[in-house]
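Working notes, beginning with the structure itself.
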Amino acid sequence: MVVAKSWTMVRHFEGAPKPEDFKLVNTELPSLKDGELLLESEFLSVDPYIRPYSKEKLKEGDIILGSQVARVVESNNAAFPVGGYYVAYAGWTTHFISDGTGLDALPSNWPDNLPRSLALGAVGMPGVTAYYGLLEICKPKEGDVLLVNAAAGAVGSLVGQIGKIKGCKVVGSAGSDEKLTFLKEIGFDEAFNYKTVSSLAEALKTASPEGYDCYFDNVGGKFSDAALQQMKDFGRITVCGAISQYNDSVPPSGPYIQPYILFKQLLMQGFLVWTWKNRYPEAQKQLLQWIAEGKLKYHEHITNGFENMPAGFIGMLKGENVGKAIIIV
Ligand SMILES: NC(=O)C1=CN([C@@H]2O[C@H](COP(=O)(O)OP(=O)(O)OC[C@H]3O[C@@H](n4cnc5c(N)ncnc54)[C@H](OP(=O)(O)O)[C@@H]3O)[C@@H](O)[C@H]2O)C=CC1
Ligand SMILES: CCCCCCCCC/C=C/C=O
């Protein structure tokens with residue numbers, strides 16, 4: 001008999017998630033039926049989307065949303081043999097039973113020297129987000145100036161590097177000086193700490209006096225208010241995230257952006273990686289190749305221990321991570 005440990009939501013988050021919003025529960029799993037398999041989570045992912053989506057997708061007592069790389073430990077389904085590794089969206093749990101629906105095998109050419117946790121990061125959902133969100137919406141061209149915020153995180157650090165591969169000048173913003181050093185190490189041309197600059201507008205102008213052709217927005221809010229004013233005519237904007245607003249219970253009223261969009265003739269489009277689900281393999285193949293060629297560097301921020309998962313999640317939302325925040329069971 002297997003006991004699954006799972007993190008459940010005690011109450012809906014109000015403002016920033018707090019340790020007391022989470023409860024660890026043990027559940028005895030039943031024996032497998034025909035066609036079922038038992039999986040054990042090896043790596044789990046903590047991602048910003050959990051904060052906004054939990055409101056509409058979860059009720060109190062449910063297992064927290066999330067994905068993992070899990071190994072098949074028992075199987076009554078010949079299509080999923082013991083020992084196979086899959087990415088699943090089974091939530092914050094150490095073990096789960098599946099009939100195979102929704103399990104994604106790791107890419108078949110997974111190199112022996114790469115950690116499987118990358119299937120949750122640079123070669124997984126965040127990697128695919130950076131790839132299509134940048135290339136299909138911002139459509140960067142050689143010589144373009146690209147701006148990305150939350151630049152030292154899972155998505156942002158890849159966006160900047162893909163921008164460099166495509167011949168852009170890349171400017172990043174992040175929330176600590178340690179992160180700025182990281183951004184320079186992975187090839188960003190300019191980087192500033194949005195928490196310590198005296199004026200966002202001035203920091204954006206100093207980093208690129210001629211303005212920005214492409215803006216990959218992970219943050220929204222005041223940062224975007226400032227960034228829109230620095231766009232060049234016909235600039236392209238990917239609205240990928242709005243992390244500065246996920247904890248707001250009342251939407252802030254902001255400057256109204258229509259005049260900037262109108263007079264600069266900007267293109268601004270929301271992006272959800274889920275829409276690109278059937279094109280994951282194409283992006284993953286390219287991401288793996290760039291990693292193998294040394295053109296794309298990945299960095300992981302590891303929290304050890306399933307019992308520390310809420311702390312890893314809360315810490316990521318506060319900006320403690322450099323690169324992809326991962327939990328090792
Ligand atoms: N649209 C889509 O399909 C997807 C969207 N996303 C979005 O992309 C963004 C980045 O996700 P991901 O790379 O996984 O996460 P990150 O690894 O970038 O971690 C989140 C980071 O956000 C930054 N942050 C937190 N609060 C604020 C704030 N108030 N203002 C500015 N920055 C803040 C922190 O960095 P710092 O120290 O710099 O503040 C923190 O490290 C998120 O908005 C997420 O929702 C992610 C995946 C898919
Ligand atoms: C129950 C929802 C699972 C969705 C996982 C993928 C999230 C993609 C969209 C992210 C948006 C903002 O972070």
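Whatever order the structure lists them in is the order used to number ligands and atoms, beginning at 1. As a basis for the values below, the full set of heavy atoms in this structure was taken, side chains included, without hydrogen atoms, waters or symmetry mates. Starting from 1, each residue takes its place in the sequence as its number.
The protein non-hydrogen atom at the shortest distance from atom 9 (C) of ligand 2 is Leu272 CD2, 3.7 Å. Of the protein's non-hydrogen atoms, Tyr49 CE1, 4.1 Å is the one closest to atom 4 (C) of ligand 2.
Aromatic ring centres of Trp276 and Tyr131 lie farther apart than the 6.0 Å criterion allows.
Close contacts of ligand 2 with Tyr89, meaning ligand atoms under 4.0 Å from a residue heavy atom, involve 5 (C). Under a 4.0 Å criterion applied to the non-hydrogen atoms of Val273, ligand 2 contributes the atoms 8 (C).
In the displayed structure, Lys277 atom NZ is contacted under 6.0 Å by more than 12 heavy atoms of other residues, nucleotides or ligands.
The ring pair (Phe, Tyr, Trp, His ring centres under 6.0 Å) pairs that include a residue from residues 222-252 number zero, where partners must be two or more places apart or lie in different chains.
Near ligand 1, residues Pro48, Met125, Thr129, Ala150, Gly153, Ala154, Val155, Ala174, Gly175, Lys179, Tyr194, Asn218, Val219, Cys240, Gly241, Ala242, Ile243, Ser244, Tyr246, Phe271, Leu272, Val273, Met316, Leu317, Gly319, Asn321, Gly323 come within 4.0 angstrom through at least one heavy atom.
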Atom pairs and distances, donor-acceptor, side-chain atoms in residues 42-54, under 3.5 Å, two or more places apart:
from, atom 1, to, atom 2, distance (Å)
Glu42, OE2, Tyr85, OH, 3.2
Ser45, OG, Asp47, OD1, 3.4
Ser45, OG, Asp47, OD2, 2.5
Ser45, OG, Lys324, NZ, 2.9
Asp47, OD1, Lys324, NZ, 3.2
Arg51, NE, Gly15, O, 3.2
Arg51, NE, Asn247, OD1, 2.7
Arg51, NH2, Gly15, O, 2.9
Ser54, OG, Ile50, O, 3.1
Ser54, OG, Arg51, O, 3.0

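Judged as a salt bridge (charged side-chain N to carboxylate O under 4.0 Å, His left out), and not counting sequence neighbours, the contacts of Asp62 are Lys59.
The aromatic rings of Phe22 and Phe13 sit tilted relative to each other, their planes meeting at an angle between 30° and 60°.
In this structure, OG1 in Thr27 is found 7.0 Å from CG in Leu29, a value given to the nearest 0.5 Å. Between the CG atom of Leu134 and the CZ atom of Phe271 there is a distance of 10.0 Å, given to the nearest 0.5 Å.
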